[in-house]
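Remember, predicted model here, so these are calculated numbers, not experimental data. What you see below is based on every heavy atom in this structure, not just the backbone, and it leaves out hydrogens, waters and symmetry mates. Labels below follow one simple rule: chain letters A, B, ... track the order of the sequence lines, proteins then strands, and each chain is numbered from 1.
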Amino acid sequence: MSDVNAPAIACRHVWQVFGEGADKALTAALDRSGQDADAASQHLRATGFIPAVQNATFDVAEGELFVIMGLSGSGKSTLIRCISHLLHATAGEIRIDDENIVEASKQRLIELRRKKLGMVFQHFGLFPHMTVADNVAYPLKVQGIGRKERLAKASEVIDLVGLAGREANYPRELSGGQRQRVGIARSLVADCEVWFLDEPFSALDPLIRRQLQDEFLQIQAKLKTTIVFITHDINEALKLADRIAIMRDGKIVQIGTPAEIVLHPVDDYVREFSKDVAKGRHAHVASVMRGAGGGIEPGPDDPGLRTNMTLDAALAKCMSLYEPVPVWDDAGACVGVVDPADLAAALQVEDA
Amino acid sequence: MTAIPDTSPALPNRLSPGALAALITLLVGAACIALEPAFAWLVKWPAAWTFPATDWVGAVLEAVLGALKPFARMLASLLRYPMDGAHFVLTRTPWPLVIGVTTALGWYLGGLRMALLGALGLGFVLASGYWIESMTTLSLVAVSVPLALMMGGAIGILANEVPRVKSAVQVLLDVMQTVPTFAYLTPLLLLFGFGPVVGLIASAIYAAPPMARNVMLGLERVEPEIKEAAVMAGGTRFQQLFQVEIPSAASQIMVGVNQCLMAALSMVIIAAVIGGFNDIGWEVLLTMRKAQFGAALLAGLVIVVFAIVIDRMSGALAIERKRHDPRIAYGVLAVSVLVTLVFWGRLPDPSGFALLDPTADAVDAGLTAFTVASGAWLDSVKNGAMFYVLLPLRIGLDQAVLPFTWGFMWTPTMSLWLFAAGAAAGLVLIARGSVVGGLLLMIAVGILETGIANLPWPFVLTGTAALCWIAGGRKLALISVLLLLTILLSGLWERALLSLYLSGAAVFACAVLGGAIGLLCAVSPWAWRIVRPICDMLQTIPLFVFLIPVLMFFQIGEFSAFLAICAYAIVPMIRYTRFGLVSTPDDLIEAATASGATSVQIMKDIRIPYATPSLLLGLNQTILYAFSMLVIAALIGTTGLGQSIYLALGQADVGLGVSAGAAMAILAMIADRIVQGFAEERRKALGL
Ligand SMILES: Nc1ncnc2c1ncn2[C@@H]1O[C@H](COP(=O)(O)OP(=O)(O)OP(=O)(O)O)[C@@H](O)[C@H]1O
Ligand SMILES: [Mg+2]
């Protein structure tokens, strides 16, 4: 708003400590350790506090899709609740469009939530006593918008998430996937600029999850909002993210693009996450390329690699240079041939 | 009370806390018995050592109430308007219309079954000839319930919004529910003067706590994400509360409405003892006093029918179901309007229906015939129970065993033999490793010899302290002893022991019998199918009605009171026992079966230990039920605090009424905390 280049969300040294008298305990612990976050956290833990978010500092650019990842209990939900101010951060500064929301007044917070922030919950958080249409229209109702107008707007977003025709149903009459669509529609109805999603697809089965992820990307392409998205599924993170932050026991251990996370994990914890990931799909040729010794001429059988090709694709191209090779049985007789290009292709995961 | 954990039986030189507590109690008790001949004040607290606390309480209260009186009288005259209005509407509305509305409502809420229930229920009321009286009662309920709902709702919301007052509110609600119902009435009588307003206000006060509790519980249980979604939608706190949280908690709140209605009805009927207007509770009381049991039973049945109709219909509110087609409800309404119009002016007077009077008279005659014919048998049942169980419990074997009762005289030698036998049996138990069991056995023998009403006060204080210490720690023990001391010093001690004795006997009987029935229902679904509707019924019936059948057979007296208390207090024991036993996780049972346990072994080793917390909660409820019935039973002859409260009501003696009520509440709360403490401990031990 004020500064064109200001990030949409800026977190500076955000702490959330649970326990009686956490404010003082945190200040004391930080003073004791000479402002060293890790030592302070350790001390807090030892004295019975839970430092659920420790010294989180990062920016999210406007229109960026920022994913927070980590094991269960690592503090993801707590962090996102601090940013949306469902929890009052114990310490630190959180700016949304350059406005410090930790210090915002109650009135201002209500205004922000009405106009700017939207949130989707892990377990949907639908109002059981309202129909789909009323659920979706609720954020407009609290603003005092007339029934006709808000239902018209609601039916637009209900269309957008593909739930047309179910407006009059109650949440209990819907499947899990449909319920989450209602949750998504409700968070979109007030045209939010910053969108928080806390494990929106975790409660769903893999097929529905994939489908909703795709639709989510389409919606995002259309609306171009700034998004903070929580998941503990690395494949989901890699598929959606512009950048990923990885949390461990309250601490952000690494922030980077999907390729950086997969190829250059900072420690074993992060490596463990990406262990089962088909790296060939997410890393590009550029990330494994060595600097060229000058004067290489393209040969006649050059596979035509490009820096932005995925490793899978590059491998397939290279393999296509080889002739078919024989396959032998135990007795030593030739039973057939296999094309190296087919081998490479078989390893490739279907691109979603 | 054998729930004391027996952790180190094999090490008599390192006593477990339970054994230590039991030992100290035993020693104090033994010392009291030994010293009693020399120091009579050990048993009978000398009157010279008491403070005239009831008088003080009376004086203070009268001053306070006197100051409040003008305000109260104003409130009373204000409340007269809605009361008279409701009374006018309900008694003057032509009866076909009332029945039509009830039936239509029944249809809307629960379909054909509920509609039939409404129609038949009110039809019965009409046929009984108690229509006007019933409508009078109903009009009181109709005014007191909205009051109670508003108060309860406001308290619940307040506790939810201001977390700091929450625990204070909890304590207040506990007190409101343990103070016996009659005890409310005396101060209210002073404040508001004789008349139905007292019943109205008492019932509103009595019915508010269940509403408040359920509102608190409901709001607390709204999923956090639903609350957060309302916040993120940008609602103000007011919008969050009234548009999202309260509607989400609707079914829990409806449970509160249901309980509130039942409590109000029960209290309105109890309040009839102050008399003064023509309602159905008064009718029961009147006919009971005149020993017209047929009529009393009929009036009692009218109350039961009312209770059931109100309970089932408001219960249907709490269940989220599709409502039934309103068009049929309108149809029913239209028919009743039509009937009313067609017969306008020619409608028979609703009090004129006395279709059931012949039946009532026949019941009366039959009953007289029966009691004459089997009077000897009934008497022998009653005397047997009195002479061999209740009296010894109350005044001890040394006084209860007389030539007139047992056929011989109890002698000091017999006491010695009894003590010796008890000690020997206790020692055997201790030698076999059960230290606590042995000590408890010795204590029990001592109590049996002395009688609960004659227990030395140092023993009672020590015993309570010991139990509290084991169940809830030092703080509970300290508070309980202090509270008991106030009873001792205020001169209500003897009466408190009498109440303790009667409720103790009833609770014991309920625990044994209810436990057995619960066990039976747990193993046989078939038995449960029979017992369950009976339990439902017993829990719906207003307390008052329990008195009628016992009076019919056993006349006024302690045994009748005992039976009435048991009939009311046994239900939770049955329910919780069964629930605890059937809710053992399947995998535990499968594991035991796989290890080759027989079904009896599974019951003994797996199910019963697992069900202990639930059993203890059942016991807890039974104790509270017994205490609340104790006061009502004072109408038909109990001694002790219940009687004092009832007498105080008759004499408008606020000091006595409130002090005795407080003493009763103290006993109930101490018992409650002790049993809760044991239940909590078992739950922790089981990792629940
Ligand atoms: N209100 C609270 N009071 C105390 N501790 C809390 C509270 N909320 C969360 N915690 C603790 O903070 C830590 C982080 O919890 P959080 O819910 O943020 O984890 P998460 O990463 O979202 O896990 P999940 O993937 O299971 O949702 C946990 O140890 C949790 O027990
Ligand atoms: Mg979470």
* From A:Ile96 atom CD1 to A:Ser84 atom OG, the distance as rounded to the nearest 0.5 Å ->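 Atom-to-atom, A:Ile96:CD1 and A:Ser84:OG are 8.0 Å apart.
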* Lys/Arg N to Asp/Glu carboxylate O, A:Lys116 vs A:Asp191, below 4.0 Å ->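 A:Asp191 and A:Lys116: not salt-bridged.
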* Cationic N near anionic O, under 4.0 Å, B:Glu225 to B:Lys227 ->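 No, no charged N to carboxylate O under 4.0 Å.
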* Asked: Taking every heavy-atom pair that is under 4.5 Å apart, which of B:Gly234, B:Pro224, B:Gly235 has the most such pairs with chain A?
  ->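 Of B:Gly234, B:Pro224, B:Gly235, B:Gly234 has the most heavy-atom pairs under 4.5 Å with chain A.
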* To do: Go through B:Gln240 and B:Thr236 one step at a time and tell me if the side-chain contact (heavy atoms from CB on, under 4.5 Å) criterion holds.
  => CA-CA 6 Å; B:Gln240 292 163 26; B:Thr236 60; over 6 Å; no
Between [options], the one whose heavy-atom pairs under 4.5 Å with chain B are most numerous:
{"options": "A:Arg81, A:Lys106, A:Lys141", "answer": "A:Arg81"}
{"options": "A:Met119, A:Gln107, A:His123", "answer": "A:His123"}
{"options": "A:Gln122, A:His85, A:Gln143", "answer": "A:Gln122"}
{"options": "A:Pro139, A:Ala190, A:Gly118, A:Ser187", "answer": "A:Pro139"}
{"options": "A:Asp198, A:Val142, A:Val189", "answer": "A:Val142"}

* Is there a donor-acceptor contact under 3.5 Å from the side chain of B:Asn214 to the main chain of B:Met254? ->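 Not a single qualifying donor-acceptor pair exists.
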* **Contact residues of residues 144-166 of chain A (partner chain B; heavy-atom separation under 4.5 angstrom)** =>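 Expected list: none.
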* Would the A:Phe58 and A:Phe66 ring centres measure less than 6.0 Å apart? ->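 When the ring centroids of A:Phe58 and A:Phe66 are compared, they turn out to be within the sub-6.0 Å range.
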* Check: A:Phe18 ring centre within less than 6.0 Å of A:Phe49 ring centre ->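 Here the rings of A:Phe49 and A:Phe18 have centres that are no less than 6.0 Å from each other.
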* Asked: Only one of A:Arg108, A:Arg113, A:Lys115, A:Arg114 clears salt bridge (Lys or Arg N to Asp or Glu O under 4.0 Å) with A:Glu111; which?
  ->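 In the set A:Arg108, A:Arg113, A:Lys115, A:Arg114, the residue that makes a salt bridge (Lys or Arg N to Asp or Glu O under 4.0 Å) with A:Glu111 is A:Arg108.
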* **Cation-aromatic face contact A:Arg172/A:Tyr170, 6.0 Å, 45 degrees** =>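 Yes, cation above the ring, under 6.0 Å and within 45°.
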* To do: Decide ring pair (Phe, Tyr, Trp, His ring centres under 6.0 Å) for B:Tyr330 and B:Trp107; before the verdict, give the C-alpha distance in whole Å, the side-chain angles of both, and the deciding distance to 0.1 Å.
  => CA-CA 10 Å; B:Tyr330 290 131; B:Trp107 168 266; over 10 Å; no
* Which bit of A:Leu117 is near chain B, if near means a heavy-atom gap under 4.5 Å: side chain, backbone, both or neither? ->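 Contact with chain B: backbone and side chain both.
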* **Region of A:Leu140 in contact with chain B, defined by heavy-atom distances below 4.5 Å** =>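 Contact with chain B involves no heavy atom of A:Leu140 at all.
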